Amino acid sequence: TIGSAAVVITVMIIIFSIYFFMNRQTMKQLSETYTNKEDGISFQYPSAWVPVNADQYGEWFNDSQIPLVVLANQNEDIPENNTYVLVSKFEASQEDVEYLFGDDEEFAESFKNDAGTTSGDDLEINETSVVELDKVPSRMLMAASGDTGFQVYFYSANSNIYRVEF
């Protein structure tokens with residue numbers, strides 16, 4: 001769990017760096033803390049971001065798998081669907097982990113096919129590669145659906161695959 005917490009913390013630093021870069025005029029303090037002791041995840045976030053409950057999640061995302069946490073921005077100056085952090089955990093076999101770190105094009109096509117059921121046919125994969133986050137191998141994927149772009153990091157820890165999306 002130390003490895004998974006380190007990766008989530010590193011990804012959260014990236015997320016909040018992007019958030020602050022995009023919102024320099026209205027910088028907010030990281031005044032709130034999300035903690036999930038069971039999964040060893042803890043990170044700070046701006047008070048304008050609030051946890052999304054299961055009903056809201058169902059309205060915003062076409063996904064039946066409820067994530068560990070979804071935080072969405074409540075600042076009216078920024079569209080909600082473009083400012084969120086989502087952390088999910090999935091049980092994984094060794095085959096799943098090997099696939100995660102396999103061929104970039106094959107992974108991108110599979111992601112597009114799986115996500116196409118929720119994102120529509122206009123999902124475009126801009127980039128995917130295997131990267132290291134705090135010395136932990138991770139799969140990075142950047143994509144867009146219509147005018148909404150998102151970035152996802154996947155990594156494996158303790159027979160699970162974690163997905164961090166923003």
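On a predicted model such as this, the values are computed, not experimentally measured, just so you know.
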Check side chain to side chain contact (heavy atoms under 4.5 Å, CB included) between S129 and all other residues, then give those that pass, not counting sequence neighbours. D104, E127, V131, M140
Kindly say whether G102 contributes a backbone atom to a donor-acceptor pair with the side chain of R139 at under 3.5 angstrom? yes
Between F111 and F154, what is the ring plane arrangement, given parallel below 30°, perpendicular above 60°, and tilted in between? perpendicular
N160 side, atom CG; F90 side, atom CZ - distance, nearest 0.5 Å: 10.5 Å
What residues form a side-chain hydrogen bond (donor to acceptor under 3.5 Å, both in side chains) with S93, not counting sequence neighbours? D96
With no hydrogens and no angle check, just 3.5 Å: does a side-chain donor-acceptor pair link E32 and Y34? no
Please identify each residue that fulfils side chain to side chain contact (heavy atoms under 4.5 Å, CB included) with A143, with sequence neighbours left out. L123, I125, L141, F150
Can you tell me how far CG of N158 sits from NZ of K89, rounded to the nearest 0.5 angstrom? 8.5 Å
Euclidean distance, L133 CG relative to Y153 OH, rounded to 0.5 Å: 6.0 Å
To the nearest 0.5 Å, how far apart are OH in Y99 and OG in S110? 3.0 Å
Contacts of D103 that satisfy side chain to side chain contact (heavy atoms under 4.5 Å, CB included) - sequence neighbours left out: E105, E106
Looking only at heavy atoms, which two atoms of Y155 and S138 are closest? And how far apart? CB-OG, 3.7 Å
Is there a side-chain contact between D39 and Y162 in this structure, where contact means two heavy atoms from C-beta onward sitting under 4.5 Å apart? yes
E132: which residues meet the side chain to side chain contact (heavy atoms under 4.5 Å, CB included) condition with it, sequence neighbours left out? K135
Evaluate R163 against V87 for side chain to side chain contact (heavy atoms under 4.5 Å, CB included), listing each step before the verdict. CA-CA 6 Å; R163 172 183 174 153; V87 180; over 6 Å; no
Contacts of type side-chain hydrogen bond (donor to acceptor under 3.5 Å, both in side chains), residue S159, not counting sequence neighbours: none
Crowding at CD, Q94 (>12 non-hydrogen neighbours, <6.0 Å): yes
Measure the spacing between CG of N126 and CD of Q151 and express it to the nearest 0.5 Å. 10.0 Å
